[in-house]
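Worksheet: the structure to be examined is printed underneath.
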Amino acid sequence: MSNQSIKFLKVINPANANIVDEIPMDTASSLASKFTLLESGQAQWRQKSVAERLAIIQRFGEIVKTNLEVLAEILTTETGKPLQQSRNEIRGAQNRIVHLTAYAEKWLATETFDTPSMIETIKYEPLGVIANISAWNFPYNVGYNVFLYALVAGNAVMYKPSEYASLTGLKMAAYLYEAGLPESVFQTAIGDGEVGQALLDMDFNGYFFTGSHKTGQHIAQSLASKLIPVQLELGGKDPLYVMDDIQDIRQAAINAAEGAFYNAGQSCCAVERIYVSSSIYDEFLSHFVEEVKSYKVGNPMSADTFIGPLTRSAQIEVLEAQVKDALDKGGQLECGGKKLPGLGHYFAPTVLSAVNHSMSVMMEESFGPIIGIQAVDSDEEAIGYMKDTVYGLTAAVFSQDKERAIDVLESMNTGTVYWNCCDRVSPNLPWSGRKNSGLGSTLSSQGIRAFVQPKAYQLRLP
Ligand code: NAD
């Protein structure tokens, strides 16, 4: 990356392809200066108590609440997320601050074990200056999971928002400073993959990445020789199995559709494939298609829009290819299936039935408003299909019978399992992917400890 020439990042509104803003990208030399600043800031920041650091983050939460409407409009303008869903995300992400308030001191506290001749102590030291390379689809949730937790643990952070959520990232930085966070403790790296790549060549004390499997794998390979903590929160192909014992088939279909189509399916834990017991398949499918056809697709600024444009225009080709592949192999198109006319990146909400595992729509991450629904004859058959994936983020079962559902969920090799819910994250619980879905955990006690390193003190009494 050149040190000299400053390039500009075009922020494009995916609803109409208008250029909203052009912001200067970082260069190798600006990143180097920011890193030096963060190193000096971290030395001071780590001396503060957890309570002092937390107080600043709490003030940041209050400022975000006060500016909710401004922030929601920015998020909708640069990502196309329907305005109400932007508000939901910003409000919902506050639960990370509630979680830190309740548990940070407990999980960062020094532990001491007294033995007859020794004092044995564990102190949790911050990692130092960490890089947070982030995604655009839920920038508040996935950003907070890393940078708020890292800051409270005493680290300085270089936050690289996605190139599709950079205005949001810059606002977050401004509000953190307004809350009292020194600029020497938090800096943004603005730009595309090239700027992300430049961060990999620098000497951060840990890298925390949220994004695609392809980029995550590249990051892990590039950093392997540094022998430093690397966490990866990657994609998924999350299955939902609807059992034949559910009482309200229509409601199950409505809930499943929301899990698949919320944020136009651009959620790492969106339902990406559905298996339904054969005996209720036709009824479930008909309710599901009716629900999806009722979704209002359109301007994300309108109050009643449920499906907005896709954030990245390139994903439209991926979805078109999945539809073609499914139809070529005998799948049935129930609704949607194509890009909508106009300049915006809209793809019609799409339901495919009569699908199977020879089709890419059942095997590869779609990350869009599309779903395949397949009939199964037994729990064993459903388990076989649910496990037939290179991913391991979440798996869900809808059923009246808890024992039967848990039997299925215990056999899943995923970081999260759901019974009668889906597409959900709780700060009380570890958020982690297995296999191609990632490495390490955010949230919960694990996600607090992810940003510190233990030091063992072995002190012999004289
Ligand atoms: P992406 O991999 O394209 O980009 C993620 C970030 O990596 C961006 O900031 C990008 O600029 C940066 N980047 C790109 N190339 C890089 C390089 N060579 N070196 C360093 N950084 C580089 O992913 P995306 O499109 O932003 O996000 C979508 C993906 O993220 C989906 O697969 C989704 O499932 C996943 N995701 C996972 C979680 C989770 O918690 N598991 C949460 C949200 C999104």
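Only heavy atoms go into these numbers, but all of them, side chains included; no hydrogens, no water, no symmetry mates. We count ligands from 1, going down the list as the structure has it; atoms in each ligand are counted the same way.
Side-chain N/O atoms of Ser86 and Thr76 include a donor and acceptor closer than 3.5 Å. Checking Asn145 against Tyr140 by side-chain atom types alone, no donor-acceptor pair falls below 3.5 Å. No side-chain N or O of Asp304 forms a donor-acceptor pair with one of Ser302 less than 3.5 Å apart. Residues Glu365 and His213 have side chains that never bring a donor and an acceptor to within less than 3.5 angstrom of each other.
Residue Arg312 places a heavy atom less than 4.0 Å from ligand 1. For Ser162, the heavy-atom gap to ligand 1 drops under 4.0 angstrom. Remark: distances from the non-hydrogen atoms of Phe367 to ligand 1 include one below 4.0 Å.
Ion pairing between a basic and an acidic side chain is recognised when a charged N comes within 4.0 Å of a carboxylate O; Lys293 and Glu334 show no such pairing. Look at Glu163 and Lys160 and you find a salt bridge, because one of the NZ, NE, NH1 or NH2 atoms lies within 4.0 Å of a carboxylate O, short of that distance. Ionic pairing of Asp192 and Lys7 is not present here: no N-O contact between side-chain nitrogen and carboxylate oxygen is shorter than 4.0 angstrom.
For atom 9 (O) of ligand 1, the closest heavy atom belonging to the protein is Ser134 O, 2.8 Å. The nearest heavy-atom contact from the protein to atom 24 (P) of ligand 1 is Trp136 NE1, 3.3 Å. Shortest contact from atom 16 (C) of ligand 1 to any protein heavy atom: Thr215 CG2, 3.5 Å. The protein atom (non-hydrogen) at minimum distance from atom 18 (N) of ligand 1 is Gln197 OE1, 3.1 Å. Annotation: atom 7 (O) of ligand 1 to nearest protein heavy atom, Phe209 CE1, 3.2 Å. Closest to atom 23 (O) of ligand 1, if we only count protein heavy atoms, is Ser212 N, 3.3 Å. The protein heavy-atom contact nearest to atom 14 (C) of ligand 1 is Gly193 CA, 3.5 Å.
Aromatic ring orientation, Phe147 versus Tyr144: perpendicular (interplanar angle above 60°, classes split at 30° and 60°). The aromatic rings of Tyr164 and Trp136 lie perpendicular to each other, with more than 60° between the two planes, well past the 30° mark.
Nearest-heavy-atom check against atom 35 (C) of ligand 1 across Ala135, Gly211, Ser432, Gly415 picks out Gly211. Closest heavy-atom approach to atom 21 (N) of ligand 1 within the set Gly216, Gly196, Ala314: this belongs to Gly196. For atom 36 (N) of ligand 1, the candidate residues are Cys268, Gly191, Gly169, Gly433; the nearest heavy-atom contact is made by Cys268.
Residue Glu365 touches ligand 1 through its side chain alone, judged by heavy-atom distances below 4.0 Å. Under 4.0 Å from ligand 1, heavy atoms of Thr210 appear from its side chain as well as its backbone.
The side chain to side chain contact (heavy atoms under 4.5 Å, CB included) test with Met243 is passed by exactly one of Val408, Val276, Val376: Val408.
The atoms of ligand 1 that sit less than 4.0 Å from any heavy atom of Ile133 are 6 (C), 7 (O), 9 (O), 12 (C), 21 (N). Of all the atoms in ligand 1, the ones that sit under 4.0 Å from a non-hydrogen atom of Asp192 are 11 (O). Heavy-atom proximity to Val142, at under 4.0 Å, picks out these atoms of ligand 1: 42 (C), 43 (C). Residue Asn137 approaches ligand 1 through these ligand atoms, each under 4.0 Å from one of its heavy atoms: 43 (C), 44 (C). Atoms of ligand 1 lying under 4.0 Å from any heavy atom of Gly235, numbered from 1 in the order shown and given with element: 32 (O), 34 (O). Listed by number with element, the atoms of ligand 1 under 4.0 angstrom from any heavy atom of His218 are 18 (N).
Side-chain contact between Val230 and Leu223 is present, with at least one heavy-atom pair separated by less than 4.5 Å. Cys422 is not listed as a side-chain neighbour of Glu258, based on a closest heavy-atom distance of 4.5 Å or more. With contacts defined as side-chain heavy-atom distances shorter than 4.5 Å, the pair Ser399/Trp419 qualifies.
Ligand 1 has no N or O atom lying under 3.5 Å from any N or O atom of Ser437, backbone or side chain. Close N/O approach between Glu163 and ligand 1 is found [any backbone or side-chain N/O within under 3.5 Å]. In terms of polar-atom proximity, Leu234 is counted as a contact of ligand 1, with an N or O under 3.5 Å from an N or O of the ligand. Inclusion of Trp431 in the set of residues having an N or O under 3.5 Å from an N or O of ligand 1 is warranted.
Lys81 forms a cation-pi arrangement with Phe138, by the criterion of a distance under 6.0 Å to the ring centre and an angle within 45° of the ring axis.
Within the model, atoms CZ of Phe284 and CZ of Phe398 stand 7.5 Å from one another, a figure rounded to the nearest 0.5 Å.
In this structure, atom 4 (O) of ligand 1 has no protein heavy-atom contact shorter than 4.0 Å.
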